[in-house]
Amino acid sequence: MDDDTSSGLLGVGAIVWVRRRNGSWWPGKILSPEQLPSAPLTSPRSGTPVKLLGREDASVDWYNLEKSKRVRPFRCGEFDDCIERAVASLGMPPKKREKYARREDAILHALELEKQMLGDVLPLDNGHVRRAEATDEELLLRSNSLHQGAPRMRDLQDFGLKIVSSKRRDSPSVKPKMRHVGHHSQHDEDGDFVDSGLTSRSKRTRSADDTDAGTTESDFSVSVSDSAETEHHDDDDDDDDEETTSVSDYLGGQKGRRDFESTSSEDLDDSILSEDSGRQFHRNTGVANGSVSKWQLKGKRNIRNLPKRHVDDIERLHANGRRFTSRRRVPIWRSDDYRDYDFSYSIDSDNGDDDEEEEDYGAGDDSQDTENDACGVDDDYAPIPRALSRDRNLHTGWDHVAWEGDYYNPMMSAQLRLGDKDRSMLVEVDLKVVARYQIDPEKRLPIISMTSKLNGNSIIGHTIQIEAIGDGSSDNLVSASYKANEAIDSYALPSGWRTARRTANVRLRRPTPSSIDGDEDGRDFPFSLQHETSPTRVSGGGVSGRKGLLVRKGAASRNHLPQVGKSLSGKTLKKVGSSSSQKIRTLSSIALEQKQVSRSLHDGLDYQTDGIIKPSSSGPTTVACIPVKLVYSRLLEKINRPPSKAVLNSLNREWRCHRLEVIGAINKTKMQADRDEGEITSQQCVPPSSSVLVVIMGVAGAGKSTIGRMLSEVVNGEFLDADDFHPPSNKEKMHNGIPLSDEDRLPWLQLLRHALLERSTSGKSVILACSALQEQYREILRSADPNYQLGSFSCRVKFVLLDVSPDMVAARLAARAAQGNHFMSPLLLQSQLDLLRICDAEGVFKVNAALSPRAIVKEIEDWLGRIASHD
Ligand SMILES: Nc1ncnc2c1ncn2[C@@H]1O[C@H](COP(=O)(O)OP(=O)(O)O)[C@@H](O)[C@H]1O
Ligand SMILES: O=C(O)[C@H](O)[C@@H](O)[C@H](O)[C@H](O)COP(=O)(O)O
């Protein structure tokens with residue numbers, strides 16, 4: 001066994017290199033069993049768990065540290081080149097960097113963890129470190145204190161592990177050339193969690209010895225090259241003690257996810273290829289013209305996995321001295337610059353003259369290995385699109401990923417770049433809405449709590465912008481074809497090494513193989529861009545809400561060989577078939593779909609749009625992709641609450657449409673009214689110039705009735721209180737704290753409009769107290785002026801806003817409610833405040849409603865005088 005191991009340098013918390021079953025080496029961190037989730041394992045694990053780095057939700061493999069030749073200290077000299085290269089890659093141009101980003105990120109992650117450890121350890125001359133003089137407990141405390149504020153590793157906490165701190169902290173940047181800084185064994189150096197069961201190295205290895213890890217399987221293939229890479233793989237493979245098992249579902253997931261991942265490692269195993277000394281192996285069996293990879297011929301485990309190997313995963317296949325490289329990764333999610341990205345398959349001459357990087361990583365030009373196989377980036381998972389961004393501008397790379405502090409915000413509306421197009425995407429989420437009232441009597445306001453099933457987070461409490469998108473405005477659906485309840489907790493995982501990471505930090509689970517039609521499908525990415533040259537087998541298990549965008553992967557890609565020179569237009573966005581057993585209801589069911597499909601047909605991507613996934617009457621619905629605005633509007637409708645201001649702001653487009661509808665309605669009713677009025681002509685209804693038509697507007701409790709009444713006396717006009725025009729049903733609704741809907745308001749507003757119109761002929765001034773919170777409501781009232789041109793705001797009907805602070809109005813409403821002489825529930829204040837919107841162009845006169853009634857009336861009077869003189 002390695003000296004480093006026996007000397008205790010490979011204890012809990014140590015950063016190590018581990019060799020995966022495919023022969024690749026990958027940075028990892030030794031965990032204690034206590035740091036693992038407590039969910040029951042479906043198969044016994046033994047040895048020491050090592051969490052692979054590079055992703056917070058990366059897999060955990062198990063190694064027998066005592067015997068293993070597969071575990072090396074991170075700083076053991078053998079991997080210096082790799083480390084240097086990773087550090088150097090920070091300065092590389094994005095495209096170059098991207099190539100091997102996965103493992104480099106893992107290395108950089110390791111470096112960051114290592115750096116964090118430096119505060120607790122003393123360097124030794126030999127390049128390793130020893131712990132400072134301190135007990136484990138002291139070290140732990142120190143570590144805790146050092147890492148106060150470190151991003152929480154949510155997944156661990158979710159599994160009941162203690163979390164050091166929930167406070168966020170910026171990850172330190174990686175310093176290049178940080179060499180020969182060894183490891184200490186006891187720290188939870190990344191601050192993820194407290195190692196409540198810190199044990200000495202000897203304890204750990206003892207337990208490793210006590211058990212046999214022979215039933216485990218390795219997860220992924222990482223083509224890595226180091227000196228160690230030359231180690232004979234077969235030997236290791238025969239060492240059952242060193243077989244590894246993926247429990248990524250534990251660390252990356254939520255409680256109760258075990259079932260889902262029970263076959264994960266099998267799949268993962270299937271999806272990998274060994275790499276001996278950087279040589280490439282055929283990844284696939286299905287269309288490889290009978291070629292059988294070396295991997296397949298090795299030992300029972302490989303044979304065992306043969307039937308599960310992908311047929312469509314032809315990443316590299318050697319045929320007649322040619323290597324076909326299928327760039328199967330999902331370029332739209334990964335490329336830093338999609339304009340430059342080569343989506344094509346390529347046929348590269350494979351004369352063994354791989355360039356250095358190919359040798360090093362064993363991945364050749366196909367970065368898929370390094371990207372997808374590495375460190376938990378398995379075929380099970382698809383990365384989250386890095387193009388997810390906060391706004392609709394072009395964004396490329398991680399800089400623009402929607403981070404909320406250390407948290408990735410999956411709800412950010414997204415756009416990604418494909419070709420020269422800005423393309424938005426939808427992220428599939430499940431939303432729950434709960435309407436409730438806060439207990440606080442002062443603020444008994446209705447709130448909506450939306451919970452994302454992606455990560456279980458409540459949207460309230462997170463500053464999540466929700467950008468409404470128009471129907472059909474999303475070109476790509478980022479859908480996890482995983483069970484909805486297999487939430488991708490990693491969406492919200494903190495970034496432990498943000499300074500370094502360049503690759504997606506999350507991965508989407510693919511469906512459990514048992515739940516899909518054809519096990520090979522289950523090993524694919526949920527989506528990938530592939531050629532589609534032959535009809536795709538229709539999934540028997542799923543239904544896509546967007547068949548034009550999402551096509552079942554599997555037979556589609558295995559039935560045809562890679563082609564040369566295909567451009568993006570030859571690709572089809574695919575999705576692993578639907579596996580969800582949970583029916584996700586599509587709210588729109590989806591009129592949107594057709595638009596989407598047709599748009600896809602014309603957007604230059606040539607998405608395959610027909611016949612790929614057909615709804616199955618028997619199969620479960622698996623894709624629910626609904627514009628957030630639609631979700632909101634439906635849900636708000638359900639609970640009879642108008643959207644919040646924030647939502648409204650984000651729904652401008654929708655409201656503009658709505659306004660047009662309302663205006664349409666106004667026009668209709670206006671014409672009707674004109675007909676009804678008969679004798680009332682525009683000439684007739686022009687009142688004497690001294691008369692005014694004034695609407696005192698504002699939220700409930702602003703003082704409209706009080707001021708309106710007083711003003712009407714001052715101007716010798718008639719006072720109308722809009723409250724008196726409500727039908728009983730409206731009053732009852734409001735009394736019960738339920739805001740009116742526009743359907744409720746429209747006839748009420750029409751009635752008011754008619755009342756104004758009627759009285760405008762009398763030559764008498766009319767003062768109307770009416771909330772009139774929205775422009776479209778006011779437009780209805782303005783249309784009482786027969787000469788009014790909608791949208792011109794040049795009208796005889798004038799508006800005065802009683803501008804009042806929420807606190808003040810809340811107090812007034814409370815006082816009014818205490819008197820018990822008003823139907824309006826104070827609970828509606830928030831919705832009133834949310835609704836109130838005034839456009840400057842409207843020329844609404846705003847008065848400070850905190851003034852005394854008399855002062856307010858005076859101000860209004862003066863203003864009326866001013867505008868009268870202008871007129
Ligand atoms: N300028 C003001 N200063 C102090 N109290 C006011 C003022 N305006 C109105 N109020 C009081 O606030 C409460 C709400 O006024 P009200 O006229 O009924 O508002 P609204 O008609 O806008 O709902 C009433 O109790 C009223 O006496
Ligand atoms: O005096 C008030 O408290 C308000 O004027 C209230 O009674 C009004 O009738 C509603 O606010 C109308 O509904 P909307 O304001 O929701 O349109």
Side-chain angles (χ1 to χ4, degrees), residues 445-446 636 640-645 648 658 662 694-714 719-753 755 767-781 799-838 846-861:
L445 305 175
L636 290 168
N640 283 312
R641 180 179 181 255
S644 71
K645 204 166 196 171
L648 285 175
H658 174 74
V662 172
V694 179
V695 179
I696 309 293
M697 59 166 288
V699 298
K704 301 183 295 290
S705 303
T706 306
I707 302 302
R709 207 167 273 120
M710 289 174 66
L711 182 66
S712 63
E713 286 169 12
V714 169
F719 173 68
L720 300 177
D721 198 327
D723 287 350
D724 299 333
F725 290 73
H726 276 302
S729 58
N730 280 7
K731 289 189 177 180
E732 191 184 341
K733 241 180 154 177
M734 290 188 280
H735 183 64
N736 292 327
I738 302 169
L740 299 181
S741 68
D742 278 356
E743 289 73 35
D744 297 326
R745 288 188 185 102
L746 190 56
W748 171 63
L749 291 166
Q750 288 171 342
L751 209 55
L752 292 171
R753 184 196 63 79
I767 312 296
L768 168 66
C770 176
S771 51
L773 300 173
Q774 298 256 306
E775 181 188 322
Q776 59 265 35
Y777 308 157
R778 294 187 288 275
E779 286 290 77
I780 293 176
L781 298 178
F799 287 84
V800 174
L801 171 71
L802 297 180
D803 203 5
V804 65
S805 71
D807 286 346
M808 177 169 287
V809 77
R812 286 184 187 174
L813 282 176
R816 190 173 75 177
Q819 291 167 5
N821 56 5
H822 201 285
F823 62 83
M824 185 81 167
S825 166
L827 290 174
L828 288 176
L829 173 58
Q830 186 60 53
S831 70
Q832 294 261 299
L833 292 169
D834 288 346
L835 273 177
L836 178 60
R837 283 197 301 180
I838 296 178
K846 297 175 185 169
V847 189
N848 179 4
L851 299 173
S852 70
R854 187 176 299 274
I856 294 169
V857 170
K858 178 75 171 65
E859 284 212 12
I860 298 171
E861 209 182 351

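Just so it is clear, the structure is predicted and the values come from calculations on it, not from any experiment. First listed ligand is number 1; within each ligand, the first listed atom is number 1. Position 1 is the first residue of the sequence; numbering continues from there.
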Give the numbers and elements of all ligand 2 atoms closer than 4.0 Å to a heavy atom of [X].
{"X": "R745", "result": "14 (P), 16 (O), 17 (O)"}
{"X": "L773", "result": "15 (O)"}
{"X": "M734", "result": "9 (O), 10 (C), 12 (C), 13 (O)"}
{"X": "L740", "result": "13 (O)"}
{"X": "R816", "result": "1 (O), 2 (C), 3 (O)"}

Practice problem: Check whether any heavy atom of K731 sits under 4.0 Å from an atom of ligand 2. | Solution: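 K731: no contact with ligand 2 (<4.0 Å).
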What is the minimum heavy-atom distance between [X] and [Y], and which atoms define it?
{"X": "I738", "Y": "L828", "answer": "C-CD2, 3.6 Å"}
{"X": "P739", "Y": "G737", "answer": "CD-O, 3.6 Å"}
{"X": "L835", "Y": "R745", "answer": "CD1-NH2, 3.1 Å"}
{"X": "K731", "Y": "D723", "answer": "CE-O, 3.0 Å"}
{"X": "I767", "Y": "G708", "answer": "CG2-O, 3.6 Å"}
{"X": "F719", "Y": "K704", "answer": "CE1-O, 4.5 Å"}

Self-check item: Ring geometry between H726 and W748 (parallel below 30°, tilted from 30 to 60°, perpendicular above 60°)
Solution: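 Parallel, since the angle between the ring planes stays under 30°.
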Inter-residue atom distance [X].[atom1] - [Y].[atom2], 0.5 Å rounding:
{"X": "F725", "Y": "R753", "atom1": "CZ", "atom2": "CZ", "result": "12.5 Å"}
{"X": "T706", "Y": "R812", "atom1": "OG1", "atom2": "CZ", "result": "8.0 Å"}
{"X": "C770", "Y": "M697", "atom1": "SG", "atom2": "CE", "result": "8.5 Å"}

Self-check item: Proximity to ligand 1 by part of A850, non-hydrogen separation under 4.0 Å
Solution: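 None of A850 does.
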Quiz item: ligand 1 versus V699, non-hydrogen atoms closer than 4.0 Å: side chain, backbone, both, neither?
Solution: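 Within the 4.0 Å criterion, V699 contacts ligand 1 through backbone atoms alone.
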Quiz prompt | Contact (N/O only, under 3.5 Å) between W748 and ligand 2 | solution = no
Quiz item: Any N/O of K704 closer than 3.5 Å to an N/O of ligand 2?
Solution: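 The answer is yes, given that K704 and ligand 2 share an N or O pair closer than 3.5 Å.
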Practice problem: Check whether any side-chain heavy atom of I780 sits under 4.5 Å from a side-chain heavy atom of L746, and report yes or no. | Solution: yes
Quiz item: Considering only heavy atoms from C-beta outward, does the side chain of R778 approach that of V695 to under 4.5 Å?
Solution: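 Contact flag for R778/V695 side chains = no.
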For [atom], state which one of [options] supplies the nearest heavy atom.
{"atom": "atom 9 (O) of ligand 2", "options": "H726, H735, K733", "answer": "H726"}
{"atom": "atom 15 (O) of ligand 1", "options": "C770, G703, P853", "answer": "G703"}
{"atom": "atom 10 (N) of ligand 1", "options": "Q832, R812, H822, M824", "answer": "R812"}
{"atom": "atom 26 (C) of ligand 1", "options": "I707, V809, V847, T706", "answer": "T706"}

Practice problem: Step through the shown structure and confirm whether more than 12 heavy atoms of other residues, nucleotides or ligands are within 6.0 Å of NE2 on H822. | Solution: yes
Practice problem: Please determine, by modelled atom types, if S831 and D834 share a side-chain donor-acceptor pair under 3.5 angstrom. | Solution: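 Side chains of S831 and D834: no pair found under 3.5 Å.
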Quiz item: Looking only at heavy atoms of L851, does any of them come nearer than 4.0 Å to an atom of ligand 1?
Solution: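 Per 4.0 Å heavy-atom rule, L851 contacts ligand 1.
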Quiz item: Does A769 come within less than 4.0 angstrom of ligand 1, counting non-hydrogen atoms of the residue?
Solution: no
Quiz item: Between F823 and ligand 2, which residue portion shows a heavy-atom distance shorter than 4.0 Å: side chain, backbone, both, or neither?
Solution: side chain
In terms of residue, atom name and distance, what is the protein heavy atom nearest to [atom]?
{"atom": "atom 1 (O) of ligand 2", "value": "D723 OD2, 3.3 Å"}
{"atom": "atom 18 (O) of ligand 1", "value": "R816 NH1, 2.9 Å"}
{"atom": "atom 14 (P) of ligand 2", "value": "Q832 NE2, 3.3 Å"}

Exercise. Run through L802, I696, L711 and flag the one making a side chain to side chain contact (heavy atoms under 4.5 Å, CB included) with I856.
Key: L802
For [X], atoms of ligand 1 separated by under 4.0 Å from a heavy atom:
{"X": "A849", "answer": "1 (N)"}
{"X": "A702", "answer": "19 (O), 22 (O)"}
{"X": "G701", "answer": "14 (C), 19 (O), 20 (P), 22 (O), 23 (O)"}
{"X": "I856", "answer": "1 (N)"}

Practice problem: Kindly confirm or rule out an N or O of S852 lying under 3.5 angstrom from an N or O of ligand 1. | Solution: no
Quiz item: Purely on distance, is any nitrogen or oxygen of A700 under 3.5 Å from one on ligand 1?
Solution: no
